Protein chains: 2
Amino acid sequence: MSGIEDVALRAGVSKATVSRALSGRGYVSSVTRNKVENAASELGYVVSSNASSLVTGRTNNVGVIIPVINQWFFGSIIEGVERALIERGYDLMLYNLTKNTEARSRVFEYFLVRKRVDAIIAVTLEISPDEAASLLALGKPIAGIGGPLAGIPTLSIDDVAAARLATEHLIALGHRNIMHVGGDSAELMDFHVHSKRLQGFMDALGAAGLPFSDESYVATHFDIPGGYAAGKQILGDPRRRPTAIFAAADEVAIGVILAARELGISVPDDLSVIGIDNHPLADLFGLTSIAQKPAKQGEQAVDLVIRQLETAGWTPPNIHTTVPAQLVMRSSTSAPRAGAPR
Amino acid sequence: MSGIEDVALRAGVSKATVSRALSGRGYVSSVTRNKVENAASELGYVVSSNASSLVTGRTNNVGVIIPVINQWFFGSIIEGVERALIERGYDLMLYNLTKNTEARSRVFEYFLVRKRVDAIIAVTLEISPDEAASLLALGKPIAGIGGPLAGIPTLSIDDVAAARLATEHLIALGHRNIMHVGGDSAELMDFHVHSKRLQGFMDALGAAGLPFSDESYVATHFDIPGGYAAGKQILGDPRRRPTAIFAAADEVAIGVILAARELGISVPDDLSVIGIDNHPLADLFGLTSIAQKPAKQGEQAVDLVIRQLETAGWTPPNIHTTVPAQLVMRSSTSAPRAGAPR
DNA sequence: CCGAATCCTGAGAGCGCTCTCGGTATCGAA
DNA sequence: TTCGATACCGAGAGCGCTCTCAGGATTCGG
């Protein structure tokens, strides 16, 4: 591996000039720049990012902490973040922070601290005050997806509003007997998503003068099998059956639809179903949904940290930014059957 | 940020001793080690990995190149790789290498080369000879998932054998009219998976003396909607309808099942369906499948590169390793109906 | 035509570590 | 006692860059 010295020699200039020519910082005549570039490519030279980081203090790495990878929402975020980072010349260091406390503390105490990243993007991170403090103490730009999170700029859809929007859609269609299938709030990785979506559901019911009881709500796993199980449970008893279900996520909604189909319950004739996310499978199931774009949220989070990094003194304007979420109507929702129980 | 000097001062020892104490290399008395550790934690000191990398030449980073993130197979690999890397003290740098040639060449020419990673794990990477050469030229340990790939140790299930196993299962049940729904071989990211699974299908048919024609095979997108579309197409015409379908992946198989349900075709009574992967949703759909464990493959790939990194002179024994794949029987396959068309 | 501003380049210090090398202390075997 | 092996520690070189600083060349307005 050839070093900067070799390039300098070959180009007949000094190390300093090579550095300037290749990094684009400082004055270099175009003639010299060409010489240097030629020499560099002839030697297959490429700057050692370690050496350069050592003096500049910049690593050109951004750490991403994420609780799950293998789920549409999270996978999309990673894709968005990666794309945006590479485009700007940064590398992505991935930390999959599960509930596992051992690996967890390891990441916090060991990896993130080692001056390996310039900034951190934390995705739906449910962190303890200690952990938050240690993140902040790094003095590095941080952005969160989810939130709000004390002291950290975050962005997400307005979960309460989205849930209310979904519920209101059902109410507007004429439904009066609506149930909610949400996430299990015992699950760590939720950033209070579950409780907020439940809240929005309750708000909408309340505003419409509809009753809410324990019977109006079922918690389950946040995936298709979870929705399926909940669907089977809810729809099993014909007399209790609601005319509409608001699922807290499209995966859950799809599970509900599958359960309904299996029970011979027609969607939307016998049962309307709405979810949140606008998952790629929503189309296949004709699922009405509240759309959000996690990949875009990832890009925005990158913006947030990179801007802090590159424009001195800039700090994010709001502590929490709400990104848009809109109703996408498909065929899983309609007015309840005329003779439906109320 | 305090440096090693500060710790040395506070502990009353030299920089060299601090380095030894903290890195665990070389002789340090336990008394001294304690002093150093205390001083370090009191100061909140943590070694600069850049400075250390600069002299050791090791970054403790492993680059992972992967074509997709948001799919079960790939997401699981990332999870497995990440877990295994963190456990061993390495960080994961993620490069999502799509077909997009711009970002692609960027990763190859710019990122990977910059001495930022100690090793590379390439997942189902369909690379050009040039790209392969540039990877090898880095002189860094590489492992691939998929393959085989010239000059690079790889690991994967035996796709031909897995496909044959799936097909043989159908044949053994008595099916004679079997179709295959596979991936579109025009898609870049496939490492010839599609053609290999088709091959295994053909092999099995041939061995059983069953005919293969253009009609025996449909290519589609490698996901649930793709399987659904293919299913609709295949199952639409009752007279052409096979008694069994071998789908090249569980997502595709699930799509086929959904299509069948919609057409009122009973699985497995009217149609047997088998896939490959043992996807988490396979259970929900009762899908018989050939199981593989991508997360484990990820861990094995990590093993491969880390061992090369840490045990001098060690090189991977085989150029390509086959990992096991087994039949998992569920309820989507059975003997064909007695009066079924042959 | 002169001084100031601008452009271009090189010498060399130093980023924060690790590692070699040499020196001292300890200890068991000869 | 002597000697070699082993344990422990410090001084200082150097990893491969970037950046400051100083100096020379060039341009330009007055």
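This is a predicted model, so every value here is computed, not measured.
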How many whole angstroms separate atom [atom1] of [X] from atom [atom2] of [N]?
X       : N      : atom1 : atom2 : answer
A:Lys15 : C:dC8  : NZ    : P     : 22 Å
A:Glu5  : D:dC15 : CD    : C1'   : 13 Å
B:Leu43 : C:dG16 : CG    : P     : 14 Å
A:Leu9  : D:dC17 : CG    : P     : 14 Å
A:Asn50 : D:dC17 : CG    : C1'   : 10 Å
A:Leu54 : D:dG16 : CG    : P     : 12 Å
A:Ile4  : D:dG16 : CD1   : C1'   : 8 Å
B:Arg58 : D:dG16 : CZ    : C1'   : 18 Å

Assess the side chains of [X] and [Y]: does a donor N or O sit below 3.5 Å from an acceptor N or O?
X        : Y       : answer
B:Ser49  : B:Ser52 : no
A:Arg116 : A:Thr59 : no
B:Tyr95  : A:Asp91 : yes

Given axes from five pairs at either end, by how many degrees does the helix from C:dC1-D:dG30 to C:dA30-D:dT1 bend, rounded to 10°?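 Taking five pairs per end, the axes differ by 30°.
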Nucleotide nearest A:Thr17 (side chain, heavy atoms from C-beta), chosen from D:dT18, C:dG10, C:dC17: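 The answer is C:dG10, which lies nearest to the side chain.
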The side chain of A:Val55 is closest to which nucleotide in this list: C:dC15, C:dG16, C:dA11?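 Closest of the options to the side chain of A:Val55: C:dC15.
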I'd like to know if B:Asp6 and B:Lys15 make a salt bridge, using a cut-off of under 4.0 Å between side-chain N and carboxylate O.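 Looking at B:Lys15 together with B:Asp6, the answer is no, because their closest N to O distance does not fall below 4.0 Å.
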Are [X] and [Y] close enough that some pair of their side-chain heavy atoms sits under 4.5 Å apart?
X        : Y       : answer
A:Glu5   : A:Val18 : no
A:Glu82  : A:Tyr90 : no
A:Asp118 : A:Asn61 : no

Report the residue from A:Ile121, A:Ile120, A:Val123, A:Thr124 that forms a side-chain contact (heavy atoms from CB on, under 4.5 Å) with A:Ile65.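 Looking at A:Ile121, A:Ile120, A:Val123, A:Thr124, the match for A:Ile65 under the side-chain contact (heavy atoms from CB on, under 4.5 Å) is A:Ile120.
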Can you list everything that forms a side-chain contact (heavy atoms from CB on, under 4.5 Å) with [X]? Sequence neighbours excluded, please.
X        : result
A:Glu79  : A:Arg83, B:Val68, B:Ile69, B:Asn70, B:Asn96
A:Val323 : A:Leu155, A:Ile157, A:Gln297, A:Gln300
A:Thr311 : A:Arg307, A:Trp314

OP1 or OP2 of D:dT18 versus the side-chain N and O atoms of A:Ser19: is any pair under 4.0 Å?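 So the side-chain polar atoms of A:Ser19 do come within 4.0 Å of the phosphate oxygens OP1 or OP2 of D:dT18, strictly under.
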I'd like to know if the side chain of B:Ser14 and the backbone of B:Thr17 have a donor-acceptor N/O pair within less than 3.5 Å.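 Checked: pair present.
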Give the B/S/- string for nucleotides 20-27 of chain C, one per nucleotide from 5' to 3', where a protein heavy atom under 4.0 Å of the base yields B, of only the sugar-phosphate yields S, and otherwise -. --------
Report the residue (B:Val18 or A:Ser14) whose heavy-atom-nearest nucleotide on DNA chain C is the more 5′ of the two.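 By nearest-heavy-atom nucleotide position, the 5'-most residue is A:Ser14.
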Can you sort out which residues in residues 21-36 of chain A have a heavy atom within less than 4.0 Å of DNA chain C? Ascending by number, please.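 A:Tyr27, A:Val28, A:Ser29, A:Thr32 - these, ordered by number, are the residues of the stretch whose heavy atoms sit under 4.0 Å from the strand.
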